[in-house]
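All residue numbers in this chain count up from 1 along the given sequence. Note that ligands are numbered from 1 as they come in the structure, with each ligand's atoms numbered from 1 the same way.
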Amino acid sequence: MKHLPTAVLAAALAFPSAAFAQAAWDFPTPYPEGNFHEKNIAEFISDVNDKAGDAVKITLHPNQSLIPHAQIESSVRDGIVPIGELLVSRLENQSPIFGVDSVPFLATSYDEAWKLYQAQKPFMEEALKKEGLKLLFSVPWPPQGLYTKQKINDISDLSGKTFRAYNKSTEELASDAGMVPTQIEASDIPTAFSTGRVEVMMTSPSTGVDSKVWDFLQDYYELNAWLPRNMVIVNQSAFDALPASAQKVITDAAAAAEKRGWDASKEETRRTTELLKKNGIQVIQPSDKLKAEFKKIGEKMTEAWKQSAGEQGEKLLEAYKK
Ligand code: PCA
């Protein structure tokens with residue numbers, strides 16, 4: 001140390017532990033800046049940055065600008081970034097526990113989605129803990145409906161069509177309905193439709209508006225089939241390295257963001273359904289036949305999910321139905 005300039009030496013003595021240096025946290029997310037999830041996260045970040053003093057400063061990187069969606073979880077796990085957002089059900093391949101919010105027609109309203117989340121949460125937290133990850137908060141998308149270019153009376157009208165999928169469940173659903181699924185990120189939807197790669201999708205009115213679907217399709221069927229959620233996760237070691245006061249700022253801000261996010265999601269359902277109509281999309285109630293056919297696929301997928309999730313899945317569903 002004796003060759004170090006005095007100023008550097010003084011700084012080293014004043015900050016003996018790296019834990020108390022300011023942490024600069026990059027926060028990658030998959031969805032566009034104007035989306036309600038990202039606005040909610042931006043508010044979470046300014047809440048933390050305002051209250052955590054010099055302990056931590058978080059910077060938002062939306063819309064896969066820093067890390068692609070498929071790598072956000074592993075990047076947080078490996079400490080490449082300390083915090084990130086992703087669609088919960090993208091981890092379905094690691095454990096079926098993460099996929100329960102995307103089983104069609106299991107939870108179709110906000111009240112049911114909240115109950116399902118409460119039943120799923122302890123299992124999610126346990127699975128995340130094994131990866132060195134901590135759940136901060138989780139917020140649902142508006143209910144999922146069917147977007148098409150032509151009128152659909154029953155499921156046979158979908159047969160052979162190309163389908164944009166965003167997780168394993170949507171892929172299965174499409175195959176069960178006789179369609180041909182391809183995984184496409186939300187940000188790539190407009191290109192995928194306008195170049196003819198896909199012609200049908202199921203997603204929220206929110207992603208419909210983000211994608212300006214009126215540029216390339218006509219109809220939206222309000223199936224209200226499930227409410228998939230996003231989650232914000234943090235690397236446990238990065239979290240533990242912060243002073244206790246900053247940790248509390250983060251968990252308090254997360255609790256507030258979760259509450260705010262659920263309220264915003266409900267409002268987003270109304271707002272974006274109106275915006276679809278205003279921009280010329282026909283918002284249609286599906287025929288009883290179409291609904292019944294999709295419900296039947298949902299029942300089959302619920303059974304398949306139960307099989308794959310075993311004892312944990314049984315316990316989760318028991319807690320949900322209580
Ligand atoms: N939007 C995201 C996930 C669910 C949703 O409503 C998407 O379409 O990728």
Side-chain angles (χ1 to χ4, degrees), residues 28-41 62-65 67-73 84-93 98-110 113 116-117 138-148 162-174 179 181-193 197-217 220-232 261-262 264-273 275-276 281 283 294:
T29 79
Y31 301 104
E33 200 163 13
N35 181 267
F36 79 100
H37 283 290
E38 308 317 317
K39 286 189 189 156
N40 190 37
I41 286 175
N63 212 20
Q64 309 193 93
S65 56
I67 294 176
H69 194 178
Q71 287 161 28
I72 290 179
E73 189 260 351
E85 181 203 32
L86 68 147
L87 190 72
V88 176
S89 53
R90 291 293 284 255
L91 303 186
E92 219 170 339
N93 290 325
F98 292 112
V100 75
D101 67 12
S102 296
V103 176
F105 297 103
L106 187 58
T108 59
S109 65
Y110 279 95
L116 187 62
Y117 173 34
S138 185
V139 170
W141 288 92
Q144 307 287 290
L146 179 73
Y147 288 90
T148 64
T162 47
F163 180 92
R164 176 262 166 173
Y166 61 71
N167 63 9
K168 190 165 153 260
S169 291
T170 47
E171 224 176 284
E172 272 171 36
L173 174 81
M179 293 186 279
T182 310
Q183 293 278 346
I184 289 164
E185 290 298 338
S187 54
D188 299 329
I189 290 173
T191 311
F193 273 88
R197 263 185 85 199
V198 290
E199 47 192 336
V200 175
M201 68 176 169
M202 277 183 83
T203 185
S204 57
S206 181
T207 292
V209 167
D210 287 346
S211 311
K212 298 194 168 65
V213 287
W214 45 87
D215 287 345
F216 47 84
L217 50 79
Y220 175 65
Y221 293 85
E222 281 190 305
L223 271 171
N224 296 340
W226 69 94
L227 289 81
R229 294 191 328 271
N230 288 356
M231 64 178 166
V232 172
W262 280 74
S265 182
K266 290 173 200 168
E267 179 50 34
E268 179 79 354
T269 306
R270 286 185 280 275
R271 186 185 77 86
T272 52
T273 305
L275 272 176
L276 288 176
I281 294 291
V283 175
F294 268 116

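Contact annotation: the side chain of Gln144 never approaches that of Leu227 to less than 4.5 Å [non-hydrogen atoms, C-beta and beyond]. Between Arg90 and Glu73 the shortest side-chain heavy-atom distance does not fall below 4.5 Å.
Taking a cut-off of under 4.0 Å to the non-hydrogen atoms of Pro228, the atoms of ligand 1 that pass are 4 (C). Atom numbering of ligand 1 starts at 1 in the shown order; those under 4.0 Å from a heavy atom of Ala186 are 9 (O).
Ligand 1 has a nitrogen or oxygen under 3.5 angstrom from a nitrogen or oxygen of Thr207. Checked against a 3.5 angstrom limit, the closest N/O atoms of Tyr166 and ligand 1 fall outside it.
Heavy atoms of Gln144 come nearer than 4.0 angstrom to ligand 1 in at least one pair. Assignment of Met202 to the shell around ligand 1 is not supported, since no heavy atom sits closer than 4.0 Å.
For Val103, the side-chain contact (heavy atoms from CB on, under 4.5 Å) criterion is met by Leu106, Thr302, Trp305, not counting sequence neighbours. With sequence neighbours excluded, the residues forming a side-chain contact (heavy atoms from CB on, under 4.5 Å) with Lys266 are Tyr110, Asp263, Arg270, listed by chain and number.
Nearest protein neighbour of atom 9 (O) of ligand 1, counting heavy atoms only, is Arg164 NH2, 2.8 Å. Among all protein heavy atoms, the one lying closest to atom 5 (C) of ligand 1 is Thr203 OG1, 3.1 Å. Of all protein heavy atoms, the one lying nearest to atom 6 (O) of ligand 1 is Ser204 OG, 2.6 Å.
The ring-ring contact (aromatic ring centres under 6.0 Å, His included) test with Tyr31 singles out one residue from Phe36, Trp141, Tyr166, and that residue is Trp141.
A side-chain donor-acceptor contact under 3.5 Å links Arg164 to the backbone of Ile184. Remark: the backbone N or O of Arg229 is paired with a side-chain donor or acceptor of Asp101 at under 3.5 angstrom.
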